[in-house]
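Report on the following structure.
Computed from a prediction, not measured in an experiment: that's the story for all the values here. Numbering of ligands and ligand atoms starts at 1, following listing order.
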Amino acid sequence: MNQETPIYMNCAEAPGALKKPRRHGQARALKCAVLLSLVLMIAFFSFGRASAQKKDSCVECHSQMEAELLKPVELMKNDTHNSRGLSCVDCHRGDASQDDPMAAMDPKKGFIGKPDPENIPAFCGSCHSNADQMKKFAPALRVDQEREYGTSVHGKRLQAGDRKVATCISCHGNHGIRAVNDSLSPVYSLNVAETCSRCHASADYMKGYAIASDQYDKYKSSVHAKALYERQDLSAPTCNDCHGNHGAAPPGVASVANVCGQCHARQSTLFASSPHKTAFDAMQIGECLECHSNHDILPPSDEMLGTAEKSVCTSCHTEKEDNGFVTAGEMRARIGELITAINATNDILNQAERSGMEVSRPKFELNEARDALTHARVLIHSFSLDEVDRVIKPGLEIARKGHRAGEDSLSEWSYRRKGLAASLFFILFLAALVYLKLRQIESSQRKGGE
Ligand code: HEC
Ligand code: HEC
Ligand code: HEC
Ligand code: HEC
Ligand code: HEC
Ligand code: HEC
Ligand code: HEC
Ligand code: HEC
Ligand code: HEC
């Protein structure tokens, strides 16, 4: 604009210049003609480009509408499809070159108005299941959403005519669909649970189904939700990490360990070779769930182990002669022993440090005993006392060594303190002698003066 204005000003002056010729009148007229043709050329090319761009009568007309008919146009401004040049006609079909609504929204031209819920997976799948088409836009995007969805409880029930289950648009929206890693997308990690909860946490909506509506509340109280929401730890799972993005089904007894094992590989491996593996399989109970549950997983503690009230073992191992009962008690005792040893060593080393003794090395080494404790809490998933002992024993050894180092430091300190007291006494004694001697000299001098 700023550049165009002076051009027109020049040209407006030009006729006047011609009427009253000046010295450079001709040159001026030539300059003006050049500028004028330049302006015409620019206008011609930009018009040419505009007419080459596809006409979009859908947007043109719907922009003039109100409410429900206008909203899609507004929402599409933030749509990932729009950012790739896809528009109304790419989803709804019809003919966007027609201004006449009957011709534009002609079902004979494939126009689909508002698709029925049953048809939505195929509606979205017309592109998203088409590998050739998707390759052109986003080669890295998966093309299995519709197929996976078909295997889910949602998909199967939809096919059977249940219109209350989630379809593609329940989770992604219809207009204004965002890329899944956009923090405003309803399926972004921090938003997924809220999206699922719109149905699953509503007792009213889920009335008539055989399942509870407490998954969201329970999940929100779990260690996982705390890690995700309070520490923004995106590696902690939300609904779709355990249920899949599109194949939403309860993981099922056989695959629970795989679900948890995706992230907790060590516990999962240990469990698989433990005596519980075959026992739990035979009882058809979910591996990790039996002790940790699925949605309200709480921070584990040593109290879960053993034979006391809060133990998870005693729900099955009740008899005193039962090997499981005995082992549970022993494991708890071993862990307790290591904790006591670590605490005692820590205390004595702190005391030595406060007294000014150099104990940084044994303090550092005590970390190895702490690591052993952490390791032991993982190894309990082998449900074998030998395995746990394998790390507890060296841990105890380190803790005890540290304790001896602390004791040595403290006795050295007390030895040094005694030495200090003796030398202090000696210095005071000398000072007193000097003082007395001075007094003696002083008084003999005074006597001499008299
Ligand atoms: C000249 C205006 C005009 C044009 C052009 C137009 N529409 Fe519409 N559209 C309307 C009006 C008015 C309605 C509501 C009346 C109706 O349902 O027929 C509507 C309704 C719709 C609906 C909702 C139908 C339903 O079943 O609820 C969809 C979807 C739609 N238009 C998409 C499109 C698409 C896609 C295009 C371009 C191919 C398009 N429109 C072109 C005016 C227009
Ligand atoms: C990504 C595919 C997609 C695109 C692009 C798209 N729509 Fe839709 N549209 C849908 C779906 C799916 C529905 C059905 C929504 C439902 O059932 O609630 C729908 C419904 C509608 C409706 C019915 C009223 C409503 O909101 O439910 C209108 C009107 C409409 N679309 C117009 C448009 C217009 C105009 C554009 C372009 C600005 C557009 N749509 C772009 C998928 C799309
Ligand atoms: C129950 C909710 C839900 C339903 C139903 C659903 N999606 Fe998704 N969708 C998700 C989640 C969750 C993600 C993954 C988010 C992430 O990766 O963090 C996702 C991811 C996607 C992606 C990105 C690529 C990918 O596969 O990760 C596309 C494309 C997609 N969905 C399309 C669809 C289509 C098409 C349908 C219908 C056939 C559908 N979705 C049904 C929840 C859903
Ligand atoms: C005309 C073809 C077409 C239709 C129909 C279509 N999509 Fe898409 N969709 C695409 C393309 C192409 C992309 C990739 C755009 C990009 O890379 O941002 C995409 C991207 C997406 C994404 C974002 C994936 C990501 O990168 O995170 C989601 C979610 C999605 N579509 C869901 C839907 C849903 C739900 C429907 C049905 C209501 C639908 N799409 C209908 C072509 C289509
Ligand atoms: C539009 C509502 C709606 C949304 C949104 C929704 N669901 Fe569902 N879901 C249902 C309904 C209804 C059922 C059928 C209940 C049944 O199985 O009896 C169901 C079933 C399920 C089941 C199978 C339960 C069973 O044991 O039969 C799982 C798992 C599930 N949904 C997970 C999810 C997850 C995870 C999300 C979010 C990513 C989600 N759902 C989003 C409505 C919804
Ligand atoms: C840490 C993994 C995990 C997370 C996170 C998770 N689930 Fe589950 N969910 C499971 C497992 C495992 C089962 C199967 C329990 C069984 O087989 O007894 C299950 C079962 C379900 C069921 C079937 C009914 C029931 O209560 O048993 C629904 C519905 C469900 N989950 C929805 C959700 C929703 C919604 C979220 C998010 C708010 C969610 N889940 C988060 C692991 C998880
Ligand atoms: C997507 C990865 C992922 C999945 C799947 C997963 N978890 Fe976790 N889990 C985590 C993360 C991350 C933490 C937080 C670790 C922390 O506190 O630093 C965690 C924490 C835990 C804790 C507490 C650990 C502690 O030291 O406080 C337990 C117990 C747990 N998960 C059990 C399970 C069970 C049982 C399942 C299956 C039903 C499961 N997890 C599925 C990632 C996962
Ligand atoms: C028979 C009961 C039982 C089963 C089955 C079980 N756990 Fe544990 N789990 C415990 C106990 C008890 C603790 C607490 C140990 C402690 O703190 O002393 C624990 C602690 C944990 C911890 C935190 C401590 C750590 O770092 O190991 C995680 C994570 C964990 N379990 C995951 C799992 C997973 C994943 C599975 C399934 C493969 C599983 N558990 C199966 C009883 C069980
Ligand atoms: C859901 C029930 C259940 C829970 C909970 C459970 N166990 Fe077991 N456990 C079994 C069954 C069943 C067996 C195999 C039969 C048997 O030997 O008693 C078994 C076997 C064992 C064995 C091997 C016994 C042998 O004779 O070799 C040990 C050790 C054991 N459990 C320890 C534990 C500990 C420790 C806990 C708590 C952290 C625990 N169990 C929790 C059911 C359970």
Indicate yes or no: at least one non-hydrogen side-chain atom of Lys418 is less than 4.5 angstrom from one of Ser414.
-> yes
Which pairs with one or both residues in residues 225-252 pass salt bridge (charged side-chain N to carboxylate O under 4.0 Å, His left out), sequence neighbours excluded?
-> none
For Cys242, the ligand 6 atoms whose distance to one of its heavy atoms is below 4.0 Å = 1 (C), 2 (C), 3 (C), 4 (C), 5 (C), 42 (C), 43 (C)
With respect to atom 37 (C) of ligand 6, which of Cys288, Ser197, Cys239, Ser293 exhibits the smallest heavy-atom separation?
-> Cys239
With the side chain counted from C-beta on, respond yes when Tyr219 and Thr238 share a heavy-atom pair under 4.5 Å apart, and no when they do not.
-> yes
May I ask whether Met206 places a heavy atom under 4.0 Å from ligand 5?
-> yes
Around atom 8 (Fe) of ligand 7, list the protein N/O/S atoms within a radius below 2.8 Å, excluding water molecules.
-> His224 NE2, His264 NE2
Where is the nearest protein heavy atom to atom 15 (C) of ligand 5: which residue, which atom, and how far?
-> Tyr209 CD2, 3.5 Å
Who's the nearest protein heavy-atom neighbour of atom 14 (C) of ligand 7, and how far?
-> Ala227 CB, 4.1 Å
Enter the distance from Asn191:CG to Ser183:OG here, rounded to the nearest 0.5 Å.
-> 7.5 Å
Check for a donor-acceptor pair, side chain of Ser202 on one end and backbone N or O of Tyr205 on the other, with a separation under 3.5 Å.
-> yes
With sequence neighbours excluded, residues passing side-chain contact (heavy atoms from CB on, under 4.5 Å) with Val153 = Arg157, Ala249, Pro250
In terms of heavy-atom contacts, Val89 and Asp95 come closest through CG2-N, 4.5 Å
Restricting to heavy atoms, the pick from Ile211, Thr195, Asp214, Asn294 nearest atom 19 (C) of ligand 6 would be Asn294
Heavy-atom nearest option to atom 16 (C) of ligand 6, drawn from Asp217, Asn240, Leu289 = Leu289
Backbone N or O of Gln133 within a donor-acceptor pair of the Asn130 side chain at under 3.5 Å?
-> yes
Report yes if the distance between the aromatic ring centroids of Phe383 and His276 is under 6.0 Å, otherwise no.
-> yes
Per-atom contacts, ligand 5 versus Arg157 - under 4.0 Å to a heavy atom | 14 (C), 16 (C), 18 (O)
Structural part of Thr238 in contact with ligand 6, heavy atom criterion under 4.0 angstrom | backbone
Examine the proximity of ligand 7 to Pro300 and report which part, side chain or backbone, both or neither, has a heavy atom under 4.0 Å away.
-> side chain
Hey, are the side chains of Glu412 and Met357 touching, using non-hydrogen atoms and a 4.5 Å cut-off?
-> yes
Flag the pair Cys124 / Ile120 as yes when at least one side-chain heavy-atom distance between them is below 4.5 Å, and no otherwise.
-> yes
Indicate the atoms forming the closest heavy-atom contact of Asp79 with Ile177, along with that distance.
-> OD2-N, 2.8 Å
For the pair Lys393 and Glu337, find out whether any cationic side-chain nitrogen is under 4.0 Å from an anionic carboxylate oxygen.
-> no
Which ligand 7 atoms, with their elements, are less than 4.0 angstrom from a heavy-atom of Ser235?
-> 1 (C), 2 (C), 12 (C), 42 (C)
Are the side chain of Ser213 and the backbone N or O of Ala201 linked by a donor-acceptor pair below 3.5 Å?
-> no
Going by chain and residue number, what protein N/O/S atoms come nearer than 2.8 Å to atom 8 (Fe) of ligand 5?
-> His154 NE2, His200 NE2
Can you say whether the rings of His81 and His128 are parallel (under 30°), tilted (30 to 60°) or perpendicular (over 60°)?
-> perpendicular
Closest protein heavy atom to atom 5 (C) of ligand 7, given as residue, atom name and distance to 0.1 Å | Val259 O, 3.3 Å
Residue, atom name and distance, where the atom is the protein heavy atom closest to atom 26 (O) of ligand 5 | Pro250 CG, 3.2 Å
Compare all side-chain heavy atoms of Thr195 with those of Tyr188 and state whether any distance is below 4.5 angstrom.
-> no
Nearest protein heavy-atom contact for atom 18 (O) of ligand 7: which residue, which atom, what distance?
-> Arg231 NH2, 3.1 Å
Does His243, backbone or side chain, put an N or O under 3.5 Å from an N or O of ligand 6?
-> yes
In short, Ala166 meets Cys171 closest at the heavy-atom pair CB-SG, 4.3 Å
